Amino acid sequence: MIEKYYRILEKNPLFSDIDDYSIEQLMECLNPTVKNYKKHEFIAFAGDEFTSMGIVLDGQISIVKENASGTRVMMSLLDPGSMFGEMIAFTNSAKWPATVQATKNATIMFMRKDAIIGECHRMCTWHKTLIRNMLKIVSNRAVMLNKKVEYLSIKSMRGKLSTYFIEEFRKTGQKLLKLSMNRNELADFLNVSRPSMSRELARMKEEGVIDYNKNQVDILDLESLKFMAE
């Protein structure tokens with residue numbers, strides 16, 4: 001059953017540099033569980049015992065957190081190829097920190113953490129690559145979370161967006177930015193609402209500071225952007 005999803009798995013950084021044939025070998029080591037969920041069905045509740053991390057093979061799921069006032073806040077939407085639970089898997093906590101729900105009919109592959117970082121009894125040559133990829137994923141996520149904390153100190157929406165665009169510009173020196181995040185992901189990263197962010201982007205476009213199309217942003221007035229980022 002899982003063979004038809006190998007192309008989807010290749011999109012996930014956990015299987016970076018691992019081809020179809022090697023993924024097939026790894027499946028024998030990982031011994032994953034594949035489950036199907038109907039639209040709106042809950043996959044895990046916040047506070048439930050955590051046993052396995054998951055990868056979306058088909059459909060879509062949402063990660064939802066409830067704040068102190070009881071309001072449910074959507075943290076992210078995950079499409080095929082996306083992984084969830086990888087951060088909690090390597091902490092001392094054994095509870096899901098958020099609720100996971102299918103927003104469409106979904107197929108999920110679950111893997112126990114000890115199957116990834118444990119000793120490979122089959123002496124699988126690609127298992128080291130898997131562990132290296134896992135370390136890279138967790139490290140990158142930690143760096144991103146640290147950067148996200150920095151953005152929390154920036155009060156204005158425009159300041160957050162300007163700072164982000166300037167940092168992306170400094171990475172390549174190119175004014176035409178191809179963002180690695182979509183709008184929902186960017187709003188989540190900046191800790192702002194998607195509608196408010198979209199309105200601010202539209203205003204910055206009207207003022208001639210930037211232009212944009214989907215996940216591509218063109219910096220038109222670099223000096224103004226730098227001023228707004230200060």
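Computed from a predicted model, the values in this text were never measured in an experiment. The basis for the numbers below is simple: all heavy atoms, side chains too, and nothing from hydrogens, waters or symmetry mates.
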Mind checking whether M27 and Y6 have side chains closer than 4.5 Å, heavy atoms only? yes
Non-hydrogen atoms of S162 and M228 that approach each other most closely: OG-CB, 3.4 Å
Check: G81 main-chain N/O paired with K11 side-chain donor or acceptor under 3.5 Å: no
For atom CZ of R203, decide whether the heavy atoms of other residues, nucleotides or ligands shown that lie under 6.0 angstrom number more than 12. yes
Linking I/L/V/M/F/W/Y whenever any side-chain heavy atoms sit under 4.5 Å apart, do I166 and L220 land together? no
Out of L26, I55, I18, which one pairs with L9 under the side chain to side chain contact (heavy atoms under 4.5 Å, CB included) rule? I55
Distance in Å, T33 OG1 paired with M111 CE, rounded so as to fall on 0.5 Å steps: 10.5 Å
Honestly curious: do F42 and I108 fall in one hydrophobic cluster under the side-chain, below-4.5 Å linking rule? no
So how far is it from R7 CZ to L57 CG, rounded to the nearest 0.5 Å? 15.0 Å
Taking E168 first and then K171, would you say they form a salt bridge - that is, a charged N and a carboxylate O separated by under 4.0 Å? yes
Using 0.5 Å steps for rounding, measure from the NZ atom of K147 to the CZ atom of F189. 7.0 Å
Exercise: identify the closest heavy-atom pair between M53 and F50: N-CZ, 3.7 Å
Roughly how far apart are D48 CG and I43 CD1, rounded to 0.5 Å? 12.0 Å
pair K160-E200: side-chain heavy atoms closer than 4.5 Å: no
Among the clusters formed by ILVMFWY side chains lying less than 4.5 Å apart, do V192 and M181 turn up in the same one? yes
When you measure from the side chain of T103 to the backbone N and O of Q60, does any donor-acceptor pair fall under 3.5 Å? yes
Using a cut-off of 6.0 Å, state whether more than 12 heavy atoms not belonging to F227 lie near its atom CZ. no
What's the shortest heavy-atom distance between S193 and A187, and which atoms? C-CB, 4.2 Å
Parallel, tilted or perpendicular: which one describes the rings of F84 and F110, with boundaries at 30° and 60°? perpendicular
Assigning hydrophobic clusters by single linkage (Ile, Leu, Val, Met, Phe, Trp, Tyr; side-chain heavy-atom cutoff under 4.5 Å), is I210 placed with L179? yes
With rounding to the nearest 0.5 Å, note down the distance linking CZ in F15 to CG in L130. 6.0 Å
Validation row: D221, E223 side chains within 4.5 angstrom (heavy atoms): yes
Is the side chain of N191 donor-acceptor paired with the backbone N or O of L152 at a distance under 3.5 Å, no angle test? no
Heavy-atom closest pair, residues S198 and Y212: O-OH, 4.5 Å
Roughly how far, to the nearest 0.5 Å, is CD1 of I154 from CG of L190? 8.5 Å
Taking the side chain as C-beta and beyond, is there a heavy-atom pair between L177 and F169 under 4.5 Å? yes
With no hydrogens and no angle check, is any side-chain donor or acceptor of K65 less than 3.5 Å from a backbone partner on P97? yes
Do L14 and E86 come within less than 4.5 Å of each other through their side chains, counting heavy atoms only? no
Does L201 reach the side chain of R183, with side-chain heavy atoms less than 4.5 Å apart? yes
Of the options I2, V56, I8, N36, which is the one that meets T107 in a side chain to side chain contact (heavy atoms under 4.5 Å, CB included)? N36
Looking only at heavy atoms, what is the nearest atom pair of K95 and G47, with distance? CD-O, 3.2 Å
Using atom types as modelled and distance alone, determine if a side-chain donor or acceptor of N105 lies under 3.5 Å from a backbone N or O of K39. yes
Under 4.5 Å between side-chain heavy atoms, hopping through other hydrophobics if needed: is there a path connecting I63 to V138? yes
Near E3 CD, under 6.0 Å, is it more than 12 heavy atoms from other residues, nucleotides or ligands? yes
Do L222 and K226 have side-chain heavy atoms sitting under 4.5 Å apart? yes
Do R199 and M157 have side chains that approach each other closer than 4.5 Å (heavy atoms only, starting at C-beta)? no
Criterion salt bridge (Lys or Arg N to Asp or Glu O under 4.0 Å) on R170 and E167, from CA distance to verdict: CA-CA 5 Å; R170 286 172 177 165; E167 289 184 348; over 6 Å; no
Quick one: do E207 and R158 make a salt bridge, cutoff under 4.0 Å? yes
Between the side chain of N140 and the main-chain N/O of K136, is any donor-acceptor distance below 3.5 Å? yes
Where N133 and S16 come nearest, the two heavy atoms and their spacing: ND2-O, 2.9 Å
